[in-house]
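Okay, structure first, notes after.
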Number of protein chains: 2
Amino acid sequence: MTSTRQLFTQNNLRCTTQRIALFDTLCACKSHPTAEELFGMVKPAMNSLSLATVYNTLDALCEAGLAKKLPTSKGTCRYDADMSEHLHVRFQDTGEIRDVPMDLSRKLLDHLPKGVLIEIERDLGIHIDGINIQLSGRKANGIS
Amino acid sequence: MTSTRQLFTQNNLRCTTQRIALFDTLCACKSHPTAEELFGMVKPAMNSLSLATVYNTLDALCEAGLAKKLPTSKGTCRYDADMSEHLHVRFQDTGEIRDVPMDLSRKLLDHLPKGVLIEIERDLGIHIDGINIQLSGRKANGIS
DNA sequence: GTACGTGCAAAATGTTTGCATCATT
DNA sequence: AATGATGCAAACATTTTGCACGTAC
């Protein structure tokens, strides 16, 4: 089991109390909080915490490859510390983002035709670094 | 050939000079401009145009299903009047978004396993309304 | 004529920055 | 001790809002 401190050290990140608390909270979080939401979660346990630190930390984590910034249509960005390739569902009403479970994500990602991706790279003269799939969803009607 | 006026009328949108100019410009646009960029394109030909109107119009167009707001990781939103299902490439350095040509988009979308999508709907208790695929790309090194 | 859109300026939101202080290495 | 992170407030960028006026229906 790798501790957060080890992980940070391996990635040249200083182990400050704030960063560790923020990262651990983000990891424990099923939702994909905005900076403000994450701030709200950690602040009670760390009264001196500043919102600027949350932004700085999230930037540093993304930079180091320990978190991902998720694109959203609303004005706010959301963050995800689960770096495994997986899909997201974005709820149209709330803007909330949820994970598609690993096994289902894999099933879908494994079915992507690699040949087409290579064609796209050639056609556009680009190199593809990542694939981001977001499903737009709403809670199904009827018995939930 | 459907004129913009017809299209607007069919969708219960008032045909104001501003809306028509904005929509036509957005349609003619290969890039996926931000509100500000679109404003910059139309303003010269329509000096009275206000940025608030651009935002209002883009909202109305999205609401009516004539345009789409594209999620981005940067702070700004981008807009697309091409409502056919197609993929996007997001350039990591500039934040710019470009279309993957229709035929290649189709090839990839047609290969998505429908069964897995249904499994996802069942598993999460949701209804999937749309699939948004963004490739992260950078210009390929070497001979372009 | 009425309902709705526009333009303007001001406000609300989300994020970044500069700088003095403090903690980690 | 030196480097880099924090906290604060102010700056900045983007989007939304309120209201008087104008335009489409």
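Chain A is the first sequence line, chain B the second, and so forth, proteins listed ahead of strands; every chain is numbered from 1.
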**Prompt:** When the nearest nucleotide of DNA chain D is assigned to Cys77(B) and to Asn56(A) on a heavy-atom basis, which residue is associated with the more 5' position?
**Reply:** Asn56(A)
**Request:** Round to a whole Å and report the spacing from CG of Asn47(B) to C1' of dT6(C).
**Result:** 15 Å
**Message:** Both Met46(A) and Glu36(B) contact DNA chain D. Taking the nearest nucleotide for each, which residue is further toward the 5' end?
**Reply:** Met46(A)
**Asked** In whole Å, what is the span from the CG atom of Leu51(B) to the P atom of dT14(D)?
**Response** 10 Å
**Asked** Arg78(B) has an atom CZ; how far is it from atom P of dT15(D), in whole Å?
**Response** 10 Å
**Complete:** All heavy atoms of Pro71(A) vs all of Ile97(A), minimum pair found to be O-CD1, 4.4 Å
In a table with atom names and distances, give each donor-acceptor pair under 3.5 Å that connects a side chain of residues 47-58 of chain A to protein atoms at least two apart or in another chain.
{"from": "Ser50(A)", "atom 1": "OG", "to": "Ala52(A)", "atom 2": "N", "distance (Å)": "3.1"}
{"from": "Asn56(A)", "atom 1": "ND2", "to": "Ala52(A)", "atom 2": "O", "distance (Å)": "3.3"}
{"from": "Thr57(A)", "atom 1": "OG1", "to": "Thr53(A)", "atom 2": "O", "distance (Å)": "2.8"}

**Prompt:** NZ of Lys69(B) versus C1' of dT16(D): gap in Å, rounded?
**Reply:** 11 Å
**Request:** Write down the distance between CZ (Phe8(B)) and P (dC25(D)), rounded to a whole number of angstrom.
**Result:** 11 Å
**Prompt:** OP1 or OP2 of dG7(C) less than 4.0 angstrom from a side-chain nitrogen or oxygen of Gln18(B), does that happen here?
**Reply:** yes
**Prompt:** Has Ser50(A) got a side-chain N or O lying under 4.0 Å from the OP1 or OP2 atom of dC8(D)?
**Reply:** no
**Request:** Ignoring the backbone of Arg19(A), work out which of dT6(C), dA5(D), dT15(D) is nearest its side chain.
**Result:** dA5(D)
**Side-chain H-bond candidate by donor/acceptor type, His32(A) with Asp99(A), under 3.5 Å** = yes
**Message:** Could you tell me if Lys139(A) sits above the aromatic ring of Phe91(A), with its cationic atom closer than 6.0 Å to the ring centre and no more than 45 degrees from the axis?
**Reply:** yes
Protein-nucleic acid N or O pairs under 3.5 Å, nucleotides 20-25 of chain C:
{"from": "dT24(C)", "atom 1": "O2", "to": "Arg14(A)", "atom 2": "NH1", "distance (Å)": "3.3"}
{"from": "dT25(C)", "atom 1": "OP1", "to": "Cys15(A)", "atom 2": "N", "distance (Å)": "3.2"}

**Item:** Lys107(B) atom NZ: more than 12 heavy-atom contacts under 6.0 Å
**Value:** no
**Complete:** Smallest heavy-atom separation, Glu85(A) atom then Met102(A) atom, equals O-CE, 3.6 Å
**Asked** Whole Å only: how far is the CD1 atom of Ile20(A) from the C1' atom of dT6(D)?
**Response** 14 Å
**Request:** Identify, residue by residue, the members of residues 21-35 of chain B with a heavy atom below 4.0 Å from DNA chain C, and return them in order of residue number, or none.
**Result:** none
**Side-chain (His86(A)) to main-chain (Ser84(A)) donor-acceptor, under 3.5 angstrom** = yes
**Message:** Donor-acceptor check, side chain of Asn11(B) to backbone of Leu7(B), threshold 3.5 angstrom: yes or no?
**Reply:** yes
**Prompt:** Can Arg138(A) and Asp129(B) be counted as an ion pair, charged N to O under 4.0 angstrom?
**Reply:** yes
**Prompt:** With no hydrogens and no angle check, do the side chains of Asn132(B) and His88(B) hold a donor and an acceptor under 3.5 Å apart?
**Reply:** no
**Complete:** Between CG of Asn12(A) and P of dT3(D) the distance, given in whole Å, is 16 Å
**Request:** Grab the CG-P distance between Leu58(B) and dG5(C) for me, whole Å please.
**Result:** 14 Å
**Closest to side chain of Tyr55(B), choosing from dT15(D), dT16(C), dG5(C)** = dT15(D)
**Message:** I want to verify a distance call: between dG7(C), dG7(D), dT14(D), whose nearest atom is closest to the Thr76(B) side chain?
**Reply:** dT14(D)
